[in-house]
Number of protein chains: 2
Amino acid sequence: MTAYHRGVDTSLRSTLHQRGLRMTPQRQLVLDAVCDLGHATPEQICTQVQASAPAVNITTIYRTLDLLERIGLVRHTHLGHGAPTYSEQEHQHVHLVCHSCGRITEAPTDLLDELAHRLRGDGFELDVTHLALSGLCTSCQHAPQDDLA
Amino acid sequence: MTAYHRGVDTSLRSTLHQRGLRMTPQRQLVLDAVCDLGHATPEQICTQVQASAPAVNITTIYRTLDLLERIGLVRHTHLGHGAPTYSEQEHQHVHLVCHSCGRITEAPTDLLDELAHRLRGDGFELDVTHLALSGLCTSCQHAPQDDLA
DNA sequence: CTATCTGCAAATCTTTTGCAACGGA
DNA sequence: TCCGTTGCAAAAGATTTGCAGATAG
């Protein structure tokens with residue numbers, strides 16, 4: 001069930017040890033959940049982790065996500081509405097969020113290359129993955145649209 | 001002190017009446033605050049409103065912002081970190097947020113025209129103003145950078 | 001006069017913090 | 001053993017809801 005892309009297990013333990021941090025089962029479970037779920041909120045990650053280890057507290061989820069981000073194994077993206085979502089560091093793409101149905105589409109990051117280049121000229125170094133782009137997906141453009149219900 | 005662009009006062013009353021809604025001093029104050037502040041969080045708007053009308057409750061701020069958005073007078077943008085910010089509907093621009101120092105820069109929306117066109121070809125209608133773009137501003141690119149402190 | 005609005009208090013929800021016990025190296 | 005980590009409970013912060021009284025039209 002768990003997707004171990006390029007030996008995540010091994011690199012977690014060593015990455016932690018490099019910094020004098022300890023390997024724990026909770027940390028492995030959180031990292032696994034992030035990889036399995038693609039992009040998920042702390043809440044969703046907690047549910048996933050608790051499926052196999054019910055005793056893990058949500059506080060630990062928050063602390064671990066924070067730590068995994070600091071050591072560069074995961075990143076978080078703000079999709080607009082509520083909670084931020086976490087995903088693997090390597091799994092880079094631009095998120096397109098439909099603000100009508102909430103559906104999230106992933107697009108290749110080079111979609112923003114031209115924009116990034118233009119902004120760099122103005123002194124702004126764009127981080128393509130941190131924020132999503134929002135708009136209307138195909139189906140919602142043609143849907144009745146209840147005038148901002 | 002208050003900036004009345006193109007007769008906001010008159011249009012608020014009539015826009016409300018068109019929909020069977022009532023004009024109240026609180027609604028005028030909230031709209032004025034949004035216009036004055038540019039892009040502000042509900043909290044900031046509340047502070048601004050309470051400067052002239054201390055009795056106005058933050059609950060009313062939230063309800064009024066929601067209402068003003070539904071009738072198309074204001075819009076909100078997610079800048080990434082915490083709270084959404086509200087601004088006038090007409091005051092359109094792209095927000096660039098530095099995720100190191102948090103500074104917000106405004107850029108013309110036509111910066112995203114090419115991207116919007118490309119996405120439209122894929123069936124996604126981009127809303128340029130709803131989400132900010134994040135990255136590093138000039139000064140933070142050259143700052144020491146404490147490795148994700 | 002009536003239905004809409006507002007203020008207040010309390011409920012929710014999400015995230016953070018303090019602290020004692022636990023457990024990895 | 002030592003100190004980083006965890007779980008629990010409580011705090012903190014943001015937003016929502018229920019309800020009775022105020023008020024626009």
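Naming: A, B, ... by sequence-line order, numbering from 1 per chain. Hydrogens, waters and symmetry mates are skipped; everything else that's a heavy atom, side chains included, is used. Keep in mind that what you see is a predicted model, and the values were worked out from it rather than measured.
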ask   = Expressed in angstrom and rounded to an integer, what is the separation of B:Leu65 atom CG from D:dT16 atom C1'?
value = 14 Å
ask   = How does protein contact run along nucleotides 20-25 of chain D, one letter per nucleotide 5' to 3', with B for base contact, S for sugar-phosphate only, - for none, heavy atoms under 4.0 Å?
value = ---BBS
ask   = To the nearest angstrom, how far is A:Leu29 atom CG from D:dT6 atom P?
value = 11 Å
note = Testing D:dC8, C:dT6, D:dT6 for proximity to the side chain of A:Asn57, the answer is D:dC8
query = Quick one: A:Ile61 CD1 to C:dT14 C1', roughly how many Å, whole number?
reply = 14 Å
request  = From the options A:His91, A:His39, A:His76, select the one residue that forms a ring-ring contact (aromatic ring centres under 6.0 Å, His included) with A:Tyr86.
outcome  = A:His76
request  = Using side-chain hydrogen bond (donor to acceptor under 3.5 Å, both in side chains) as the criterion, list what pairs up with B:Glu114, not counting sequence neighbours.
outcome  = B:Arg118
query = How long is the line joining CZ of A:Arg19 and P of C:dA25, in whole Å?
reply = 17 Å
ask   = How long is the line joining CZ of A:Arg63 and P of D:dG7, in whole Å?
value = 8 Å
task = For A:Thr24, check side chain to side chain contact (heavy atoms under 4.5 Å, CB included) against everything at least two apart and list the hits.
result = A:Gln26, A:Arg27
ask   = In the hydrophobic clustering that connects Ile, Leu, Val, Met, Phe, Trp and Tyr at side-chain heavy-atom distances below 4.5 Å, which members other than B:Ile104 occupy its cluster, ordered by chain and number?
value = B:Leu79, B:Val97
query = Less than 6.0 Å separating the ring centroids of A:His130 and B:His99?
reply = yes
key: Which residues share a salt bridge (Lys or Arg N to Asp or Glu O under 4.0 Å) with A:Arg63, sequence neighbours left out   = none
note = Sorted by chain and number, sequence neighbours left out, side chain to side chain contact (heavy atoms under 4.5 Å, CB included) with B:Asp122 holds for none
key: Whole angstrom value for the distance that separates C1' of C:dG24 from CG of A:Leu12   = 14 Å
inquiry  = I'd like to compare against my own output: the B/S/- annotation of nucleotides 10-15 of chain D with a strict under-4.0 Å heavy-atom distance to protein.
reply    = ----SS
task = Give the rounded distance in Å between these two atoms: CZ of B:Arg70 and P of C:dT4.
result = 13 Å
key: Nucleotide C:dC5, atom C1' - distance to CG of B:Leu68 in whole Å   = 13 Å
remark   = Sequence neighbours excluded, the answer for salt bridge (Lys or Arg N to Asp or Glu O under 4.0 Å) partners of A:Glu125 is A:Arg120
query = Between A:Gln26 and C:dG23, is there a side-chain N or O to OP1/OP2 distance below 4.0 Å?
reply = no
Counterpart residues, side chain to side chain contact (heavy atoms under 4.5 Å, CB included), relative to B:Ser52 (two or more places apart) = B:Leu29
task = Give a yes or no on whether a donor-acceptor pair under 3.5 Å exists between the nucleobase atoms of C:dG24, that is its base, and the side chain of A:Arg27.
result = no
